[in-house]
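To start, the structure under review is shown below, and the notes come after it.
Order of appearance sets the numbers: ligands from 1, and atoms from 1 within every ligand. Only this structure's heavy atoms are used, side chains among them; waters, hydrogens and symmetry mates stay out. Numbering of residues begins at 1 and proceeds along the displayed sequence. Predicted model, so just to flag it, every value in this text is computed and none were measured.
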Amino acid sequence: TNDIKESSEGTQADLVARLPTREGWSTPLTLYNQCWLRSHMLGKFMAVRDNLRPRGDDIILATHPKSGTTWLKALAFAISNRSRCSLDDDDHPLRMTNPQKAVPFIGAVGGDLEYLETLPSPRLLSTHLPLSLLPPAVSTLGCRLVYLCREPKDAFVSRWHFENKIGTGGPIGLDDAFAMFCQGCSAFGPFWEHYLQYWKESLSRPGEVMFLRYEEMVSDPVEVANKLASFLGVPFTQEEEDRGVAQQVASFCSFDSLRNLDANKVGGVERAGGKIFLHFSSLFRKGKVGDWANHMSKEMGEELDRLVEDKFKGSGLVF
Ligand code: A3P
């Protein structure tokens, strides 16, 4: 196929076959360029670095899984499309389908690279890939990035629930999942490398990379909506401020509001030839900060805290 390139060491397929692969979570994972990817997605994600053609005015929403991707997509989509469609309209795209479908995933769901070429600028795109697997032009062209991360214990618990809902294999126990997460072995992991790559990018390109945390979105979603609008180049006007548009957006995108839309209660998407079925409803679980304590022991919490402290030491990134 086109994906297979000849090289002095053999074909890309040979290379892939030699990469470390592990069972675990809901699907097997393969280590590529120091990042664990779902094995069935490997070819598509390997193609991104060479074949995605970034444009200087692209806006990319980058998240580590279970950090609030769905929420961020909803906010960014609602804000950047508000001159075209009002949230009051019955046929607003966010009322018709899940936010995950409203913003394409680069190289994955709804985001085939050929299709992305056809989108008008400025494009609103999303990815779970670490920065190191995106084309270097993302940085050199000055593409705007919004990175969202989440306190690792909560992110882990959210992921453990999620993986047990989507996979077709047996359930993975909390202890096994925890051990793999702490080894860095989870899709798009190690999580600390992911956080750190985007953190460093936000320090080196401060005006072009917005670094967000799930916890600040929970504590002040209106403030985040305001910050996002300015960052996306479409700040709320005085007239919109008077009408409370930022509040309206934040409230429409709140956990209870999105979860209760028909489009998010029913339906879903099949992925990876049936290996995964994602019910949209499984993207809305609890939406709380600190839920880890209801699932992990105090000792596990301390272990992960120590790991996080060690991995982020000296970076300025603190949880
Ligand atoms: P929990 O499992 O802790 O509830 P992602 O979208 O990256 O897959 O992240 C999913 C997490 O974000 C889940 O966390 C989910 O409940 C939460 N979430 C989804 N929509 C949300 C919203 N509108 N507000 C707050 N949290 C939301």
Side-chain angles (χ1 to χ4, degrees), residues 25-26 38 60-79 87 94-95 97-106 108-110 125-130 146-167 172 174 177 181 186-189 191 194-195 198 212-225 228 246-261 263-265 268-269 271 276-296 301 304 319:
W25 300 92
S26 55
R38 293 191 192 280
I60 302 176
L61 310 178
T63 56
H64 194 256
K66 311 323 289 174
S67 298
T69 316
T70 317
W71 190 11
L72 178 65
K73 284 187 175 192
L75 283 168
F77 185 91
I79 289 169
L87 288 170
L94 292 175
R95 291 185 186 276
T97 188
N98 181 266
Q100 293 280 358
K101 287 183 86 176
V103 183
F105 262 123
I106 295 169
V109 187
L125 308 173
S126 68
T127 191
H128 283 324
L129 287 170
V146 182
Y147 185 68
L148 172 63
C149 66
R150 186 175 189 184
E151 195 285 317
K153 299 191 293 303
D154 279 345
F156 163 71
V157 163
S158 179
R159 179 186 282 237
W160 173 65
H161 282 281
F162 183 73
E163 297 265 347
N164 277 331
K165 279 184 204 149
I166 59 170
I172 178 166
L174 186 80
F181 193 68
S186 54
F188 304 102
F191 69 88
H194 202 280
Y195 288 25
Y198 286 100
L212 273 177
R213 293 158 186 257
Y214 181 86
E215 295 72 30
E216 68 177 297
M217 289 174 60
V218 169
S219 73
D220 197 345
V222 176
E223 170 64 13
V224 170
L228 257 180
Q247 285 78 0
Q248 185 201 16
V249 167
S251 140
F252 180 89
C253 297
S254 70
F255 181 80
D256 285 330
S257 156
L258 285 185
R259 185 174 63 142
N260 285 316
L261 291 174
N264 295 324
K265 281 199 224 163
V269 280
R271 292 186 183 170
I276 293 179
F277 188 83
L278 173 70
H279 292 273
F280 292 141
S281 61
S282 62
L283 292 164
F284 305 92
R285 190 183 64 94
K286 263 194 178 173
K288 295 271 182 269
V289 172
D291 187 47
W292 69 270
N294 297 316
H295 300 279
M296 289 162 65
L304 189 45
F319 286 95

List for me each residue that meets ring-ring contact (aromatic ring centres under 6.0 Å, His included) alongside His128, sequence neighbours excluded, and say none if there are none. Phe105, Phe188

Can you list the ligand 1 atoms lying under 4.0 Å from a non-hydrogen atom of Gly287? 1 (P), 4 (O), 16 (O), 26 (N)

With rounding to the nearest 0.5 angstrom, report the NZ to OH distance, Lys66 to Tyr214. 10.0 Å

Where Ser26 and Arg38 come nearest, the two heavy atoms and their spacing: OG-NH1, 3.3 Å

The residue among Thr70, Thr127, Thr69 that forms side chain to side chain donor-acceptor pair (under 3.5 Å) with Thr63 is Thr69

Nearest protein heavy atom with distance in Å, relative to atom 8 (O) of ligand 1: Lys66 NZ, 2.7 Å

For Trp25, enumerate each residue passing the ring-ring contact (aromatic ring centres under 6.0 Å, His included) test, keeping only those at least two apart in sequence or located in another chain. none

Which ligand 1 atoms does Ser158 reach within 4.0 Å, using its non-hydrogen atoms? 1 (P), 2 (O), 3 (O), 11 (C), 13 (C), 14 (O)

For atom 15 (C) of ligand 1, the option (of Val218, Leu72, Leu258, Leu283) bearing the nearest heavy atom: Leu283

Thr70 neighbourhood, listing ligand 1 atoms whose heavy-atom distance to it stays under 4.0 Å: 5 (P), 6 (O)

Distance (rounded to the nearest 0.5 Å) between Ile60 CD1 and Tyr147 OH: 13.5 Å

Are Phe162 and ligand 1 in contact, using a heavy-atom cut-off of under 4.0 Å? no

Select one of side chain, backbone, both or neither to describe which atoms of Ser67 lie under 4.0 Å from any atom of ligand 1, heavy atoms only. backbone

Which residue supplies the protein heavy atom nearest to atom 5 (P) of ligand 1, what is that atom called, and how far is it? Thr69 N, 3.4 Å

If the cut-off is 4.0 Å to any non-hydrogen atom of Lys286, which atoms of ligand 1 fall inside it? 4 (O), 16 (O)

Need the ligand 1 atom indices (1-based, order shown) with element for anything under 4.0 Å from a heavy-atom of Ser254. 23 (N)

At under 4.0 Å between heavy atoms, what of Ala74 touches ligand 1? The answer is neither

Out of Tyr214, Phe284, Phe252, who gets a non-hydrogen atom closest to atom 17 (C) of ligand 1? Tyr214

From Leu283 atom CG to Leu278 atom CG, the distance as rounded to the nearest 0.5 Å: 4.5 Å

How far is atom 16 (O) of ligand 1 from its nearest protein heavy atom, and which residue and atom name does that atom have? Arg285 N, 2.9 Å

How far does CE of Met217 sit from CG of Leu75, to the nearest 0.5 angstrom? 5.0 Å

Rounded distance (nearest 0.5 Å) linking atom CG of Leu94 with atom NZ of Lys73: 11.5 Å

Report yes if Pro65 has an N/O atom closer than 3.5 Å to an N/O atom of ligand 1; otherwise report no. no

Just going by heavy-atom distances, which of Arg150, Arg159, His161, Arg259 is nearest to atom 3 (O) of ligand 1? Arg150

